[in-house]
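So the structure is just underneath, and the comments pick up after that.
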Amino acid sequence: MATKPKIAVFASGNGSNFQAIADAIQAGKLDAELVLAITDRPAAFVVERARRLGIESFSFVPSQYDSKQLYEEMLKEKLFEHGVEWLVLAGYMRLIGPVLLDAFENRIINIHPSVLPAFPGKDAIGQTLAAGAEKAGVTVHYVDAGMDTGSIIAQQSFPIAGRKREAVEAEIHKIEHELYPATLQRLFKHSFI
Ligand code: GAR
């Protein structure tokens, strides 16, 4: 049997996508080893989720470092120590800098709650609704130096006419929790998409 890719999930908040990925691994739907949860917010619920699942987590506070370069050097060392091969961003609300982009070239993936290239950046769902868009959706993409600008791997959308924010958000999360593990599985099985 081929060895499973070792992944680290980066999250800044609730961690429901982290949970979905861990659940998919446990259910045998995603052949990967989730070795580390990384957060830039030590109080984030993702830390508690990791504890419950018995997955190691690592928290850091970016403002305690003089630069992004310095904290990314520290993260790189940590990730290498754990043999991590892929970085999976799941609600990690920071741009990745050159240190990690170079160390994990073409091996950093993100999920974003809009149909990119529309509505990159923060509060994509709010942006979608404020613009009066006909559809909302989810994109899984490679990470480059820009804000949600990397090559698109998978997308799914749905009509939102007349729907309230809560309902749209719930549908987005439902899609994310299926689409992210399934896309990672495809990606790990074929190194191109
Ligand atoms: C998800 O909806 C994800 O797409 C979004 O943050 C949420 C995290 O939820 N990411 C971004 O907006 C990145 N620009 P979770 O913590 O429950 O997984």
Side-chain angles (χ1 to χ4, degrees), residues 7-27 29-30 32 34 36-53 55 57-60 62 68 75 86-97 100-101 104 108-131 133 135-158 160 163-185 187:
I7 67 173
V9 174
F10 284 53
S12 301
N14 177 17
S16 70
N17 280 284
F18 162 80
Q19 181 83 49
I21 289 165
D23 290 348
I25 290 173
Q26 225 155 25
K29 292 183 187 163
L30 173 57
L34 206 180
L36 203 52
I38 292 195
T39 187
D40 57 337
R41 294 201 187 139
F45 188 59
V46 67
V47 174
E48 175 60 16
R49 289 186 190 269
R51 194 191 62 75
R52 289 179 192 172
L53 289 161
I55 294 169
S57 69
F58 177 73
S59 305
F60 70 104
K68 184 184 288 259
L75 289 176
W86 291 83
L87 308 189
V88 175
L89 312 189
Y92 180 66
M93 302 312 246
R94 282 177 191 277
L95 283 178
I96 299 293
L100 290 179
L101 285 171
F104 292 91
I108 311 179
I109 311 299
N110 183 42
I111 190 159
H112 182 76
S114 79
V115 187
L116 289 171
F119 314 122
K122 286 195 179 143
D123 191 20
I125 299 173
Q127 292 186 56
T128 304
L129 293 170
K135 288 180 171 187
V138 173
T139 303
V140 178
H141 64 95
Y142 284 100
V143 171
D144 63 14
M147 173 85 81
D148 303 318
T149 49
S151 311
I152 291 170
I153 303 169
Q155 274 184 325
Q156 206 170 311
S157 67
F158 60 95
I160 53 172
R163 294 175 79 178
K164 294 218 165 80
R165 180 175 176 126
E166 254 176 30
V168 172
E169 240 167 41
E171 180 81 25
I172 294 247
H173 287 304
K174 189 162 164 256
I175 291 172
E176 287 187 332
H177 299 163
E178 293 289 324
L179 186 68
Y180 211 5
T183 304
L184 292 172
Q185 175 74 343
L187 191 61

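Just so you know, ligand 1 is whichever comes first in the structure, and atom 1 is the first atom listed for that ligand. Being a predicted model, the structure only gives us computed values, none of them experimental.
Remark: minimum distance from atom 4 (O) of ligand 1 to any protein heavy atom is reached at Glu176 OE2, 2.4 Å. At the top of the distance list for atom 17 (O) of ligand 1, counting protein heavy atoms only, stands Ser16 OG, 2.5 Å. Nearest to atom 14 (N) of ligand 1 among the protein's heavy atoms is His112 ND1, 3.1 Å. Given atom 12 (O) of ligand 1, the protein heavy atom at minimum distance is Pro113 CD, 3.4 Å. Counting protein heavy atoms only, atom 7 (C) of ligand 1 is closest to Gly91 CA, 4.2 Å.
Put simply, the side chain of Ser114 gets close to the backbone of Phe119: a donor and an acceptor are under 3.5 Å apart. In this structure a side-chain-to-backbone donor-acceptor pair under 3.5 Å is missing from Lys29 to Gln185.
In this structure, CZ on Phe10 lies 12.5 Å from CD1 on Ile109, to the nearest 0.5 angstrom.
Considering both main-chain and side-chain atoms, Tyr92 never comes within under 3.5 Å of ligand 1 through any nitrogen or oxygen pair. Every N/O-N/O distance between Asn110 and ligand 1 stays at or above 3.5 Å.
Summarising the geometry of His112 relative to Ala124, their closest heavy-atom pair is NE2-CB, 3.4 Å, with the distance given to 0.1 Å. When all heavy atoms of Pro181 and Leu30 are compared, the closest pair comes out as O-CD1, 3.8 Å.
Under 4.0 Å is where a charged nitrogen must lie from a carboxylate oxygen, and between Arg52 and Glu48 at least one such pair does. Salt-bridge annotation for Asp123 and Arg165: present, with a side-chain N of the basic residue lying under 4.0 Å from a carboxylate O of the acidic one.
Residue Gly15 holds the heavy atom nearest to atom 16 (O) of ligand 1 of all those in Ala44, Gly15, Gly13.
Test Ile153, Ile152, Asp148, Ile111 against Thr139 for side-chain contact (heavy atoms from CB on, under 4.5 Å) and you get one pass: Ile152.
Under a 4.0 Å criterion applied to the non-hydrogen atoms of Asn14, ligand 1 contributes the atoms 16 (O), 17 (O). The distance from ligand 1 to the heavy atoms of Met93 drops below 4.0 Å at these ligand atoms: 11 (C), 12 (O), 13 (C).
Residue His173 touches ligand 1 through its side chain alone, judged by heavy-atom distances below 4.0 Å.
Contact between Ile172 and ligand 1 is absent, with no heavy atom of the residue lying under 4.0 Å from the ligand.
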